[in-house]
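Computed over heavy atoms, backbone and side chain alike; hydrogens, waters and symmetry mates excluded. Throughout, protein chains are lettered first and strands after them, A, B, ... in sequence-line order, and every chain is numbered starting at 1.
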There are 2 protein chains.
Amino acid sequence: MPHSPANPDAAPKQRVQDAIRHDIIFGTLPAGARITEAALATKYGISRVPVREALHALEAEGFVESKPYAGSTVCAIPVDDADDLFAVREALEAATARRAAKRAAGQFSAGAPDGQWWKTRKELAAILDEGDAAIGNGRPDLLPELNIRFHLGIAELSGSPSLTALLRQIAGKIEWLYASDLNSRGKQSWGEHRTVMAAIDAGNVPEAEQVMGVHVHRSRTGYLSRFAG
Amino acid sequence: MPHSPANPDAAPKQRVQDAIRHDIIFGTLPAGARITEAALATKYGISRVPVREALHALEAEGFVESKPYAGSTVCAIPVDDADDLFAVREALEAATARRAAKRAAGQFSAGAPDGQWWKTRKELAAILDEGDAAIGNGRPDLLPELNIRFHLGIAELSGSPSLTALLRQIAGKIEWLYASDLNSRGKQSWGEHRTVMAAIDAGNVPEAEQVMGVHVHRSRTGYLSRFAG
DNA sequence: CTACTTGGGATTGTATGCAATACGTTCCCG
DNA sequence: CGGGAACGTATTGCATACAATCCCAAGTAG
């Protein structure tokens, strides 16, 4: 959902925003490339206004940099920040997992079922199944996208928009890093997701926090060892 | 700079963005309040377009929530997220301080002085002096603003736009929390800033990280004890 | 030859008008 | 009297037009 390749019938602004981000993450738009609103407007057959809003949103996400009256350029891949980004992500996702477990306990027991919560929980179940199917069908290339959706889903379950927004921002950068690398830890990492989900469903707060922390930490060391060698 | 009260000769978009954020942080716009572009446009005597962009930026910052074709409302104060936000901030600022110290070592020794770096370093010195003066003159109310500028300045010194953007997002929320509370730990907390600065200037990487971590941690426990206790 | 000014062209920022969508209200039918 | 569907209003989303700003290059004075 967040960084899907293309949703033809979405709002124009969202469409071009996703398209540009995709082009940046996968290298079609290299770092330092100049971007002009007019060019994108003609390219996508829309006016400058939605393009402009998409660019500003991407600036907030950290993919492009704009200077007033001067134009926008593509930011550099934050490869030097990888270690620190993972460290922050560790603290952040430990918090989302802990809070998700806390809320889960309330959802399963008490008498005020939250429709949104159950919807997200169902989506997560579907994501896990899709991932397993992707592995079974020899399509591990689908895992990165599913991976991000899983982690954002957990953040949704935490019920904290603040934390979700922060994770969304970090996840974008991490997706960028992984796209430059070719993801590999895939299968083993994916299997750990069910452990996280189980801890949350059980309402086991400390275990949820700990398991998620270990999961993210492994992802971090995996990436760093692959990249820095 | 980031959340200044009002800069009359700034761009309209930036001006209304700061004004609205100020109104939200200091309670003029209460949580749940409906916001319409047209009303703000008349209020500030400008067109709907810059207002619209300001609102979208504030949505990315987590202060307002917008639904397509339905309008925007002021978000709730993230008081339940305080603990987690401080935890993430601890990891984040430990990273910025560490990287700032690492870069400082390079700046003082080697032969490639970075103009931007020195400019930020000078601004930080001015901020520290302003804070001392504010305390001396019995104006501790100026400290929260200076406090944020100091921490964002350290992030600038780290040379990482990713980390700076993340801190900016978190700092906005924390400023919001502190505004609902009335800041108190002020004076002692401010004094710790010179310790952080000294560690960075010395290029003492582990000490910079550790001192900043303790500083933020004290701020966290101080807030939580005041609020929950 | 250098430094400063002064144009032109390109690009973003803002204003206005129109189209698309959501929400509340009312009216009709059961 | 209750429920659901059509409708009107309010509000956002997009398109077009214009103004403000910046960058760069050419030209001129010293």
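- Ring pair F63(B)/W176(B) is tilted by interplanar angle, where 30° to 60° counts as tilted.
- With rounding to whole Å, Q14(B) atom CD is found 10 Å from dT14(C) atom P.
- In this structure, Q17(B) places its CD atom 11 Å from P of dT14(C), rounding to the nearest Å.
- Picking from dT12(D), dG13(C), dC14(D) the nucleotide with the shortest atom distance to the side chain of V49(A) gives dC14(D).
- Two residues, I46(A) and K67(A), neighbour DNA chain D, and the one matched to the more 5' nucleotide by heavy-atom proximity is I46(A).
- In this structure, the CG atom of L40(A) is 12 Å from the P atom of dT11(C), given to the nearest Å.
- Across the protein-nucleic acid pair, H56(A) atom NE2 and dG13(D) atom C1' stand 17 Å apart, rounded to whole Å.
- Within 6.0 Å of CD on E65(B) lie no more than 12 heavy atoms contributed by other residues, nucleotides or ligands.
- For the pair A70(B) and P68(A), both in contact range of DNA chain C, the more 5′-proximal nearest nucleotide belongs to P68(A).
- Note on L55(A): nothing from the nucleic acid sits closer than 4.0 angstrom, heavy atoms only.
- A salt bridge links R52(A) with E53(B): at least one charged nitrogen is closer than 4.0 Å to a carboxylate oxygen.
- Of the candidate nucleotides dT14(C), dA15(C), dC14(D), dC14(D) has the atom nearest to the side chain of K13(A).
- In this structure, the CZ atom of R48(A) is 12 Å from the C1' atom of dA20(D), given to the nearest Å.
- Contact between the side-chain N/O atoms of S47(A) and the OP1/OP2 oxygens of dA15(D) is found at a separation under 4.0 Å.
- At whole-Å resolution of the value, CZ in R15(B) and C1' in dG13(C) are 13 Å apart.
- Going from atom CD1 of I35(A) over to atom C1' of dT11(C) covers 14 Å, rounded to whole Å.
- Between R34(A) atom CZ and dC22(D) atom C1' there is a gap of 10 Å when expressed in whole angstrom units.
- Nearest to the side chain of P50(B), among dA20(C), dT12(C), dA15(C), sits dA15(C).
- Taking a cutoff of 4.0 Å between a charged side-chain nitrogen and a carboxylate oxygen, D81(A) and K173(A) do not qualify as a salt bridge.
- Applying the side-chain contact (heavy atoms from CB on, under 4.5 Å) test between H193(A) and each of I154(A), N147(A), D132(A) identifies N147(A) as the sole match.
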